[in-house]
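Just so you know, these numbers come straight off a predicted model, no measurement behind them. Every chain is numbered from 1 and lettered A, B, ... according to where its sequence line falls, protein lines coming before strand lines.
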Number of protein chains: 2
Amino acid sequence: MTDRLGGGARRKRPTMRDVAREAGVALRTVSRVVNDDPTVGAHLVSRVRAAITALDYAPDERAQQLRRGTSGTIGAAVRNLADAHPVLSAVDNASRARGLAVLAMSTEDDEAREREAVMSMCRRRVDGIVIEPIGMFHDYLSAEVAAGMPLVAVDRPCGGVEADAVLSDNAAGIGMAYRQLSVHGHRRIAYIGDDERIFTGRERAAAFRACVAASGGPLSGMVHPGTVTASRVAAALASVLSGPTPATALITGNVATTIEALRYLGADAGRLALVGFDDFPLADILRPALTVVAQNSAEIGRTAIDLLVARAADPARPVQTVTVPVELIARGSGELPPPSA
Amino acid sequence: MTDRLGGGARRKRPTMRDVAREAGVALRTVSRVVNDDPTVGAHLVSRVRAAITALDYAPDERAQQLRRGTSGTIGAAVRNLADAHPVLSAVDNASRARGLAVLAMSTEDDEAREREAVMSMCRRRVDGIVIEPIGMFHDYLSAEVAAGMPLVAVDRPCGGVEADAVLSDNAAGIGMAYRQLSVHGHRRIAYIGDDERIFTGRERAAAFRACVAASGGPLSGMVHPGTVTASRVAAALASVLSGPTPATALITGNVATTIEALRYLGADAGRLALVGFDDFPLADILRPALTVVAQNSAEIGRTAIDLLVARAADPARPVQTVTVPVELIARGSGELPPPSA
DNA sequence: ATGCTTCCGGATAACGTTATCCCACGCTGA
DNA sequence: TCAGCGTGGGATAACGTTATCCGGAAGCAT
């Protein structure tokens, strides 16, 4: 499994020692020049720089990291690398702005893989970890956290370990979606979303139930949480659309559900009002264009890095959970009127 | 810019020395256990392992890397981290299967940023670099390549440096698209795509011209390469659709162009036959569903890692360019008949 | 007893950096 | 002339591993 690279006899890279020899100065002086130590004369600086470019010398960051104790890298364990991942992108940007690189690994929604990825990051002594947690229990991380590894969860909190978290305001988002549909005349509103064993699935379903209760709408048969598969979404949709008083509007709890719902509805998509939780590229070119509750990915990523840096600076600071506001983007599908009965 | 982390007084992590003391064995023995050296007795192995779990010891990979000379990491400089990136995902998978981690950085289509990202990877002494090149000239990489850094370009070749490359069969893909439209009765077929300064834009436009020439169709006013902006695509589309003999079918040269074309066409999308180069999520839930030429991202990523490993094993092997076949996925938009004149 | 493995410890040198301490200059200002 | 500086070299110890060479101590067969 681990047949590391490096079998070949690649040409040896120049080291500081080589540069020192080339420039005719002491090793110490090269180090000073590389680290912009001001106590070295302009004459020598230029000679050293010349030697550096002549030899194509680039300092070995592994050695620097070992020596300095910091790796200048943060790990990002995200669920998926293949699909669009705006949060990862924001994390990347925020990290770069601080001179940090991002070691991104995909967990593919697999707990074992998540653990493996995170542990690998720890062995690399990353300066912090951003995690989009999969499982409920992350006890295996508590040792690392206790050892001072800054850890911040995004999208969902980490269970079993005290860690900072940055979450979207799920309840407010569902509220916005529900209100939008109500305002446009809908009374019978259904919800299909993630399994309630998943944090966001739980929060969003609960918020939906609260909305229905507050507005006095019908609840029975209207809430369908569960694993997101084509068949389950189709069954749920068929159920809420059948009977004497079918739902006239739908809220979907995540992108995957939204897509499956659209796939099932096909050409009938224009006859059911729909608001999806979470935006995605191309939502605006569907017909009707999709009304969504958009998470502020840029803000989430930025905040995650902020929290990471803050914790690295002060490991003793209290654990913090930041809730990032969401936004309703009306594009048409959520503004469809109920069929005039 | 580079205010690295690590200000806080994090608890010191246990080292091999600590484990040795805890287990009452020699440092050397701990190293043997960690590296699964068979020459150590079962009794001591279990004692060392107990000490390891008692102290929550995890070897410092930075030190291992420095010592071993390999970093167990490959760098991936891709154009975009926010959007779907199936090739990156495939690279991640193929790397993991070999025990390698992926250091992903986004270049955001910016040459300076690409250079910065790649150089940062080199300083980290990654075992190889997968790059989705932006600019035409990558001379700054030749020193690294000469120093033995395995480098493989995906999607486009690297200019100015001898590097392996994995490309899609652009000409064949355009040919498939053209043939599909011809078969369905189209004679006046237009092409809108990327700027011809970009490798793929050049290849695809050229292939399109060749197809037209081979089939004896009209060419004048039918080819519109250029930077992909909403306004340019709209103008090109307006142009090919106007006049006495408008185009009845369209080939778009990349995803961005496809999207812009769909945005412009809006509700009229069903009246123009369309084949897009490159697949994307959700292409199947559009109406009409989008016929595309799909690149084999999984194969591309796998091949890239294969080439990387092969070059690491034998730096002297001849540079190789692998062309990966593409596939036409008929979903409806490319099978629309021309308006019966 | 003598040999010959097998298992383990000890010491030490790397890997490429950074940092510390000290010393040797060549200046300047009194 | 001597103290006080700014500039640079030299030596050396880290950082946490791995690897090499050696030596000792068993265990077992000759």
Side-chain angles (χ1 to χ4, degrees), chain A residues 2 4 6 10-49 51-52 55-72 122-127 147, chain B residues 2 4 6 10 12-49 51-52 55-72 122-127 147-148:
Chain A
T2 45
R4 295 279 159 83
R10 61 175 59 173
R11 214 180 69 186
K12 220 172 146 355
R13 286 179 166 277
T15 81
M16 263 192 174
R17 217 175 301 271
D18 299 322
V19 175
R21 200 179 326 106
E22 170 84 9
V25 301
L27 178 63
R28 187 66 188 84
T29 304
V30 178
S31 174
R32 285 197 253 244
V33 169
V34 169
N35 291 40
D36 289 322
D37 189 317
T39 78
V40 50
H43 179 58
L44 282 193
V45 168
S46 64
R47 230 169 65 199
V48 169
R49 291 215 190 284
I52 286 179
L55 294 180
D56 277 318
Y57 166 78
D60 187 327
E61 271 209 25
R62 296 173 301 183
Q64 295 184 324
Q65 288 174 14
L66 184 59
R67 179 61 232 237
R68 294 206 248 251
T70 75
S71 65
C122 291
R123 282 195 303 274
R124 277 162 202 276
R125 301 289 191 270
V126 294
D127 289 338
Chain B
T2 44
R4 296 277 158 83
R10 60 176 61 173
K12 219 171 148 357
R13 302 185 83 103
T15 83
M16 262 192 175
R17 216 174 303 270
D18 300 320
V19 175
R21 198 178 327 108
E22 170 84 8
V25 300
L27 178 64
R28 186 67 188 81
T29 304
V30 178
S31 174
R32 284 197 252 244
V33 170
V34 170
N35 291 42
D36 289 321
D37 190 317
T39 79
V40 52
H43 178 58
L44 282 194
V45 168
S46 62
R47 229 170 64 198
V48 169
R49 291 213 190 285
I52 286 179
L55 295 180
D56 277 319
Y57 167 78
D60 188 327
E61 271 209 24
R62 296 172 302 181
Q64 294 184 324
Q65 288 175 14
L66 184 59
R67 179 61 235 237
R68 294 207 247 248
T70 74
S71 65
C122 291
R123 282 195 303 273
R124 287 181 141 75
R125 300 291 190 269
V126 294
D127 289 338

Asker: At what distance, to the nearest 0.5 angstrom, does CZ of B/Arg62 lie from OG of A/Ser71?
Answerer: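 Taking CZ in B/Arg62 and OG in A/Ser71, the distance rounds to 6.0 Å.
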Asker: Hey, can you pull the donor-acceptor pairs under 3.5 Å for the side chains in residues 38-48 of chain A, sequence neighbours left out?
Answerer:
{"from": "A/Thr39", "atom 1": "OG1", "to": "A/Asp37", "atom 2": "OD1", "distance (Å)": "3.0"}
{"from": "A/Ser46", "atom 1": "OG", "to": "A/Ala42", "atom 2": "O", "distance (Å)": "3.4"}
{"from": "A/Ser46", "atom 1": "OG", "to": "A/His43", "atom 2": "O", "distance (Å)": "2.8"}
{"from": "A/Arg47", "atom 1": "NE", "to": "A/Ala23", "atom 2": "O", "distance (Å)": "3.1"}
{"from": "A/Arg47", "atom 1": "NH2", "to": "A/Ala23", "atom 2": "O", "distance (Å)": "3.0"}
{"from": "A/Arg47", "atom 1": "NH2", "to": "A/Gly24", "atom 2": "O", "distance (Å)": "3.4"}

Asker: Rounding to an integer number of Å, can you tell me how far A/Arg47 CZ sits from D/dT7 C1'?
Answerer: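 Rounded to whole Å, this separation is 14 Å.
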Asker: Would you say the side chain of A/Arg125 lies within less than 4.5 Å of the side chain of B/Arg13, judging by non-hydrogen atoms?
Answerer: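 A side-chain contact exists here, since the closest heavy-atom pair is under 4.5 Å.
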Asker: Can you pull the salt bridge (Lys or Arg N to Asp or Glu O under 4.0 Å) pairs that have at least one residue in residues 22-35 of chain B, sequence neighbours excluded?
Answerer: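 Checked against salt bridge (Lys or Arg N to Asp or Glu O under 4.0 Å) - neighbours excluded - no pair reaches residues 22-35 of chain B.
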Asker: With a non-hydrogen cut-off below 4.0 angstrom, is B/Val34 in contact with a base, only sugar-phosphate, or nothing?
Answerer: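 Touches nothing.
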Asker: In Å, rounded to the nearest 0.5 Å, how long is the span from CG of A/Asp56 to SG of B/Cys122?
Answerer: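 Atom-to-atom, A/Asp56:CG and B/Cys122:SG are 10.5 Å apart.
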Asker: Pull out every protein N or O sitting under 3.5 Å from an N or O of nucleotides 11-17 of chain C, one pair per line with the distance.
Answerer:
{"from": "C/dA14", "atom 1": "N3", "to": "B/Arg67", "atom 2": "NH1", "distance (Å)": "3.0"}
{"from": "C/dT17", "atom 1": "OP1", "to": "A/Tyr57", "atom 2": "OH", "distance (Å)": "2.8"}
{"from": "C/dT17", "atom 1": "OP1", "to": "A/Asp60", "atom 2": "N", "distance (Å)": "3.2"}
{"from": "C/dT17", "atom 1": "OP2", "to": "A/Met16", "atom 2": "N", "distance (Å)": "3.0"}
{"from": "C/dT17", "atom 1": "O5'", "to": "A/Tyr57", "atom 2": "OH", "distance (Å)": "3.4"}

Asker: With the criterion being N/O to N/O and under 3.5 Å, what pairs connect the protein with nucleotides 22-27 of chain C, and how long is each?
Answerer:
none

Asker: Given A/Asp127 and A/Arg68, is the salt bridge (charged side-chain N to carboxylate O under 4.0 Å, His left out) satisfied, shown in steps?
Answerer: CA-CA 12 Å; A/Asp127 289 338; A/Arg68 294 206 248 251; over 6 Å; no
Asker: List for me each residue that meets side chain to side chain contact (heavy atoms under 4.5 Å, CB included) alongside A/Pro14, sequence neighbours excluded, and say none if there are none.
Answerer: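 For A/Pro14 the side chain to side chain contact (heavy atoms under 4.5 Å, CB included) partners, ignoring immediate neighbours, are A/Asp18, A/Leu55, A/Tyr57.
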Asker: Kindly write out the residues that satisfy side chain to side chain contact (heavy atoms under 4.5 Å, CB included) with A/Arg17, not counting sequence neighbours, or none if the list is empty.
Answerer: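 Expected list: A/Thr15, A/Leu27.
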Asker: Expressed as a whole number of angstroms, how long is the span from B/Leu44:CG to D/dA26:P?
Answerer: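 The answer, rounded to whole Å, is 14 Å.
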Asker: Let me know the distance between NE2 of B/His43 and C1' of C/dC7, rounded to the nearest Å.
Answerer: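 Roughly 13 Å, once rounded to whole Å.
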